[in-house]
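Here's the structure, in structure tokens; my notes come after.
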Amino acid sequence: MSKRIVNYLIFLILLYSSIAFAGPGGKIAKAVAETFWGKVILAILIILFLPLIIYTMLREYFAKRRVLNDLKIVAKVCPDFDWIKLRRRIQDCFYRVHAAWEKSNISEAAEWMTDWYWQNQQIVFLDRWERDGLVNICEVDKINYIKPILFSYRGDDKTPGEGSELAVLVQAHMTDYLERKNDGKLMEGSRKKKDVEKVWSFIYTTGRWVVSNIDEGANSMEYIEMMKTVPKIEDALRIHGSVVN
């Protein structure tokens with residue numbers, strides 16, 4: 001089965017299960033599965049594509065295991081790569097970016113994102129919605145899980161870890177919809193809370209992890225596939241001149 005077909009089938013499953021790109025990133029979570037027929041279609045899709053779902057879950061599991069192992073090794077060189085500490089950083093970024101997003105002023109979370117990304121989001125989405133008299137209500141109830149799926153080490157002895165990249169799959173229970181400011185009319189999405197899944201990418205720069213991109217959860221397999229091209233962590237450390245005792 002080609003990767004294009006796999007991605008398409010995953011997209012269909014996520015579309016009908018309301019696990020879609022929401023909040024920061026500019027697209028509103030789908031509400032299809034809240035209807036009766038949406039739930040019927042979801043059930044049919046799950047039955048038809050159960051082998052694919054299991055395959056995807058296994059790929060996520062093995063990607064997560066490798067990333068956690070690589071981070072554990074790098075943490076001996078740079079403590080900021082310790083997963084417990086890194087996970088807290090990811091959670092902080094997640095909540096702060098969403099809080100700034102709902103205020104339609106992503107610059108409030110500038111220190112948690114790359115300059116290019118927060119400016120891009122402000123101009124492309126938030127400023128346009130402001131001009132159109134719209135506001136994105138985006139409230140996070142809780143984070144259900146954070147799964148690391150891609151890690152690529154960079155750096156040297158002088159700047160260990162500098163430029164390293166990490167991608168994690170994040171699912172959160174949240175509200176996400178677009179409404180008109182003047183009368184509160186619902187324009188897109190649903191006022192009901194739902195589970196929303198996204199891929200958050202981070203880069204390690206000047207001694208901290210910052211958000212570099214937010215992508216659709218349906219694209220997670222593309223990140224997992226990238227792990228095949230990432231050198232073994234021992235080779236990466238040697239290539240970039242870092243030494244682990």
Side-chain angles (χ1 to χ4, degrees), residues 8 10-43 45 90-146 167-202 210-220:
Y8 179 68
I10 292 174
F11 170 76
L12 286 176
I13 294 169
L14 295 179
L15 172 64
Y16 285 101
S17 63
S18 295
I19 303 175
F21 197 27
K27 294 185 180 179
I28 307 302
K30 304 298 180 182
V32 180
E34 292 178 7
T35 67
F36 170 77
W37 287 112
K39 292 177 181 178
V40 171
I41 294 173
L42 171 60
L45 285 172
I90 293 170
Q91 289 175 326
D92 288 343
C93 287
F94 189 88
Y95 284 116
R96 288 177 181 270
V97 169
H98 276 87
W101 182 269
E102 189 175 11
K103 295 179 182 178
S104 297
N105 184 12
I106 202 68
S107 64
E108 290 190 7
E111 65 177 291
W112 302 83
M113 314 172 79
T114 63
D115 289 342
W116 176 86
Y117 191 68
W118 78 258
Q119 291 176 26
N120 173 273
Q121 295 292 284
Q122 185 72 47
I123 295 171
V124 174
F125 297 110
L126 297 178
D127 289 349
R128 176 168 57 85
W129 285 343
E130 179 69 24
R131 291 193 300 270
D132 294 342
L134 304 174
V135 60
N136 184 197
I137 306 301
C138 181
E139 301 174 350
V140 179
D141 183 24
K142 65 176 181 176
I143 296 176
N144 293 334
Y145 58 69
I146 299 174
V168 296
L169 193 59
V170 183
Q171 187 190 95
H173 192 62
M174 58 188 292
T175 302
D176 177 61
Y177 58 91
L178 202 62
E179 71 175 20
R180 198 159 55 195
K181 279 186 177 181
N182 60 359
D183 59 5
K185 180 180 178 181
L186 181 68
M187 303 301 293
E188 189 176 346
S190 169
R191 289 189 170 90
K192 293 182 179 180
K193 291 186 181 296
K194 57 181 66 64
D195 291 334
V196 178
E197 189 177 59
K198 312 180 220 179
V199 177
W200 284 58
S201 295
F202 296 82
V210 293
V211 179
S212 58
N213 190 47
I214 303 172
D215 199 359
E216 299 182 48
N219 294 330
S220 62

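Any value given below was found using the heavy atoms of this structure, including those in side chains, with hydrogens, waters and symmetry copies removed. This one's a predicted model, so the numbers in the text were calculated from it and none came from an experiment.
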Review point. Which residues pass the side chain to side chain contact (heavy atoms under 4.5 Å, CB included) test with Ala167, sequence neighbours left out?
Key: Ile149, Leu150, Val199, Ser201, Tyr223
Check your understanding: How are the rings of Trp129 and Trp101 set relative to one another: parallel (under 30°), tilted (30 to 60°) or perpendicular (over 60°)?
Key -> perpendicular
Check your understanding: Under the criterion side chain to side chain contact (heavy atoms under 4.5 Å, CB included), which of Asn136, Val135, Leu134 is the partner of Met187?
Key -> Leu134
**Study point:** Distance in Å, Asn120 CG paired with Asp115 CG, rounded so as to fall on 0.5 Å steps
**Key:** 12.0 Å
**Study point:** Any side-chain heavy-atom pair of Ile143 and Tyr95 under 4.5 Å
**Key:** yes
Study note, to complete from the structure: Sorted by chain and residue number, the salt bridge (charged side-chain N to carboxylate O under 4.0 Å, His left out) partners of Glu179 (sequence neighbours excluded) come out as Arg191
Review point. To the nearest 0.5 Å, how far apart are NZ in Lys142 and CG in Asp195?
Key: 8.0 Å
Review point. So how far is it from Met113 CE to Ile214 CD1, rounded to the nearest 0.5 Å?
Key: 5.0 Å
Check your understanding: What are the two closest heavy atoms between Cys138 and His98, and how far apart are they?
Key -> SG-CD2, 3.2 Å
Review point. Which atom names give the shortest non-hydrogen contact between Val211 and Cys93, and what distance separates them?
Key: CG2-CB, 3.9 Å
Exercise for review: Indicate yes or no: at least one non-hydrogen side-chain atom of Val170 is less than 4.5 angstrom from one of Lys198.
Suggested key: no
Practice item. List in chain and number order the residues that pass salt bridge (charged side-chain N to carboxylate O under 4.0 Å, His left out) with Glu111, two or more places apart in sequence or in another chain; answer none if no residue qualifies. Key: none
Study note, to complete from the structure: To the nearest 0.5 Å, atom CG of Asp176 lies from atom NZ of Lys193 at 11.0 Å
Practice item. Compare every heavy atom of Ser212 with every heavy atom of Trp116, then report the nearest pair and how far apart it is. Key: CZ3-O, 4.5 Å
Exercise for review: Indicate the atoms forming the closest heavy-atom contact of Val124 with Arg128, along with that distance.
Suggested key: O-NE, 3.2 Å
Check your understanding: Closest heavy-atom contact between Thr175 and Ser190?
Key -> CG2-O, 4.3 Å
Practice item. Check ring pair (Phe, Tyr, Trp, His ring centres under 6.0 Å) between Phe202 and all other residues, then give those that pass, not counting sequence neighbours. Key: none
Revision key, fill the gap. d(Asn144 CG, Gln171 CD) to nearest 0.5 Å is 4.5 Å
Study note, to complete from the structure: Rounded to the nearest 0.5 angstrom, the CD1-CD distance for Ile106 and Gln121 is 7.0 Å
Review point. Are any of the side-chain heavy atoms of Trp200 and Ile90 separated by less than 4.5 Å?
Key: no
Check your understanding: Glu108: what forms a side chain to side chain contact (heavy atoms under 4.5 Å, CB included) with it, not counting sequence neighbours?
Key -> Ala100, Lys103, Asn105
Exercise for review: Could you pull out all residues at least two apart from Trp112 that satisfy ring pair (Phe, Tyr, Trp, His ring centres under 6.0 Å)?
Suggested key: none
